[in-house]
Amino acid sequence: MKKTVAIVGAGVNGVCAAVVLGELGHPVTLIDKGEPFAETSSKSSKLLHGGIRYLEHFHFGLVREALSERAWWLKEAPWYTTQRRFYMPIYEGMPRSRWLLYAGAKLYQMLAGRKSLGNSAYHSMRETLEANPHLSDVGLLGSVSYMDVQMDEPGLSAWLLDRAVTAGVELMSHTPVARVSTEGKVVLATGESLSFDWVVNAAGPWASALLQASSIASNYRIELVRGSHLRFARTLPHPLVIQSRFDQRIIFLLPEPGGMLCGTTEVPHEDGAEVVCTADESRYLLQAVDGVLREPLVESEITERFSGVRPIAYEGAGHGDFSSASRDSEIEVMGQLIAVFGGKWTSAMHLGQEIATKVR
């Protein structure tokens, strides 16, 4: 028997759930306070990846699953995905040794199994500079490289939304939701009440706030982290993965049409605060990559700044360091309400399939 489903939140998690449920024949209504993909889902680093940096925090299962999901995107939407070799240049004084980076890159390749995109490799200084002539040679020891995927995020978002509409999903944009219930009710900000067999709370960073507004207790809580990016008009031949010398964080320099993207920060964010890239975050990113490029990036070259808020899910009262926290998603079923916490672009379709299993 097909069930009527309301999904609150038209980010990548909500839209992917709508695609799966709609293609299974369930009548689906997708509700968003603004436009689909307008918030967190469009403010990412534009990667479909396993998350190589999660390996040093022993999130092996999460990385393996994400690498498997990466292969799904390549198969289903190859025109919106680009396989690239990512280089991790190694300089004197950097916190991770060449052998540790090489071991991590090889493990990343192994976890992908038969879905690996190619060998990870170690490169001498000469080989590194031949492939990346924009790099500074001062203190350069060599590099480690691995294969991963960049995405055309606007194109992929439009493809997913079109697939949802084709499956019969009804889209209600610019429709704020005041509260939901465990009995399948959605109350709009206008006061109108809608009834469904199931309600999915896929509101991303606002999932916990929606539950609180609805007086619904949860086993999970969300901490918000702001990730900011800078755009430059310069181009790069390959993506670069940079180790910050002063706090060991990983910063990406990613080629994209017309320039490059630099990111990302991880700053605690207060719910309701303005989502902007601060001057401190801009300085942090510029300092983190200082000494890596032959011509250093400077403030005056920045063509765009943008920020997104990401939810990090913790069970109970738990919390921890953002960098070491898992980016895995959590699903909680409360009566006829399914709440989704956390998640990432790469594993969003798998999350949609899990939600569909709960509905069935």
Side-chain angles (χ1 to χ4, degrees), residues 44-53 55-56 70 81-109 112 116-153 229-265 282 284-304:
S44 73
S45 297
K46 325 300 182 188
L47 298 176
L48 293 169
H49 62 147
I52 192 169
R53 71 186 181 91
L55 292 177
E56 65 183 341
R70 179 186 69 179
T81 58
T82 304
Q83 299 180 39
R84 292 189 182 274
R85 183 162 291 277
F86 285 60
Y87 283 82
M88 297 186 283
I90 305 163
Y91 287 87
E92 293 175 354
M94 281 190 167
R96 299 172 185 85
S97 71
R98 72 185 78 182
W99 307 116
L100 179 63
L101 291 176
Y102 180 66
K106 291 302 288 187
L107 177 58
Y108 195 66
Q109 173 193 334
S116 169
L117 304 180
N119 289 330
S120 299
Y122 174 77
H123 308 276
S124 68
M125 182 183 76
R126 180 180 61 80
E127 293 168 337
T128 301
L129 290 174
E130 286 177 353
N132 302 276
H134 297 307
L135 287 176
S136 170
D137 60 357
V138 179
L140 180 65
L141 303 175
S143 65
V144 169
S145 71
Y146 64 95
M147 295 298 295
D148 230 328
V149 176
Q150 286 185 264
M151 65 171 167
D152 170 4
E153 177 264 315
H229 295 79
L230 307 177
R231 277 198 165 103
F232 299 86
R234 286 199 219 171
T235 59
L236 289 173
H238 300 284
L240 298 176
V241 184
I242 310 301
Q243 301 181 67
S244 168
R245 286 184 172 92
F246 49 86
D247 65 359
Q248 301 190 34
R249 275 188 45 74
I250 294 297
I251 304 298
F252 288 99
L253 288 177
L254 302 168
E256 58 179 14
M260 78 167 83
L261 186 65
C262 175
T264 178
T265 61
S282 291
Y284 168 84
L285 290 172
L286 292 174
Q287 291 169 3
V289 301
D290 187 47
V292 172
L293 297 180
R294 192 177 297 275
E295 295 183 26
L297 297 173
V298 294
E299 182 88 16
S300 60
E301 286 187 272
I302 299 172
T303 59
E304 183 185 357

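The chain is numbered in sequence order, starting from 1.
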| query | Can His229 and Ser45 be said to form a side-chain contact (heavy atoms from CB on, under 4.5 Å), step by step? | reply | CA-CA 8 Å; His229 295 79; Ser45 297; 2.7 Å; yes

| said: For Asp152, give me all partners under side-chain contact (heavy atoms from CB on, under 4.5 Å), at least two apart in sequence or on another chain. | reply: Tyr80, Pro154

| said: I need the Gln109 CD to Asn119 CG distance, nearest 0.5 Å. | reply: 4.5 Å

| Partners of Ser143 by side chain to side chain donor-acceptor pair (under 3.5 Å), sequence neighbours excluded? | Thr128

| query | If we only count heavy atoms from C-beta on, is the Leu240 to Leu135 side-chain gap below 4.5 Å? | reply | yes

Exercise answer: donor-acceptor pairs, residues 251-264 side-chain atoms, under 3.5 Å, sequence neighbours excluded:
unit_1	atom_1	unit_2	atom_2	d
Glu256	OE1	Arg231	NH2	3.4
Glu256	OE2	Arg231	NE	2.4
Thr264	OG1	Ser228	N	3.2
Thr264	OG1	Ser228	O	3.2

| task | Starting at CZ of Arg85, measure out to OG of Ser120 and round the result to the nearest 0.5 Å. | result | 7.0 Å

| said: I want to check something: taking the side chain as every heavy atom from C-beta on, are Phe232 and Ile302 in contact at a cut-off of under 4.5 Å? | reply: yes

| note | For residues 122-140, the salt bridge (charged side-chain N to carboxylate O under 4.0 Å, His left out) pairs (sequence neighbours left out) are Arg126-Glu130

| query | Which atom pair, heavy atoms only, marks the closest approach of His49 to Arg70? | reply | CA-CD, 4.4 Å

| Taking all non-hydrogen atoms of both residues, which atom of Val149 and which atom of Phe86 are closest, and how far apart? | N-CE1, 4.1 Å

| request: Check whether any side-chain heavy atom of Leu129 sits under 4.5 Å from a side-chain heavy atom of Leu140, and report yes or no. | output: yes

| query | Do NZ/NE/NH1/NH2 and the carboxylate oxygens of Asp290 and Arg245 come within less than 4.0 Å? | reply | no

| request: List in chain and number order the residues that pass salt bridge (Lys or Arg N to Asp or Glu O under 4.0 Å) with Glu299, two or more places apart in sequence or in another chain; answer none if no residue qualifies. | output: Arg305

| note | For Arg234 and Pro296, the nearest pair of non-hydrogen atoms, with its separation, is NH2-O, 2.8 Å

| query | Is the closest side-chain heavy-atom distance between Ser136 and Pro89 below 4.5 Å? | reply | no

| task | Can you measure from CD1 (Ile90) to CH2 (Trp99) and round to the nearest 0.5 angstrom? | result | 9.0 Å

| task | Mind running side-chain contact (heavy atoms from CB on, under 4.5 Å) on Gln150 and Thr81 for me, showing each step along the way? | result | CA-CA 6 Å; Gln150 286 185 264; Thr81 58; over 6 Å; no

| query | Taking the six-membered ring for Trp, is the centroid-to-centroid distance between Tyr87 and His123 below 6.0 Å? | reply | yes

| request: Supply the atom-to-atom distance His238 NE2 to His134 NE2, rounded to the nearest 0.5 angstrom. | output: 10.0 Å

| said: What I want to check is whether the side chains of Arg249 and Ser244 have a donor and an acceptor closer together than 3.5 Å. | reply: no

| query | Going by heavy atoms in the side chains, are Tyr122 and Lys106 under 4.5 Å from each other? | reply | no

| Side chains of Met151 and Ser44 in contact at under 4.5 Å (non-hydrogen atoms) | yes

| remark: In short, Ala105 meets Tyr146 closest at the heavy-atom pair CB-CB, 4.3 Å

| remark: Applying salt bridge (Lys or Arg N to Asp or Glu O under 4.0 Å) to Arg96 and not counting sequence neighbours gives Glu56

| said: Could you measure the distance from the CD atom of Glu301 to the OG1 atom of Thr303? Nearest 0.5 Å is fine. | reply: 9.5 Å

| said: Let me confirm one number: the CE-CE distance from Met94 to Met88, rounded to the nearest 0.5 Å. | reply: 11.5 Å

| query | Can you name the one residue among Leu293, Leu285, Ile250, Val289 that meets side-chain contact (heavy atoms from CB on, under 4.5 Å) with Ile242? | reply | Val289

| request: Mind listing the closest non-hydrogen atom pair of Gly50 and Tyr108 along with its distance? | output: N-OH, 2.8 Å

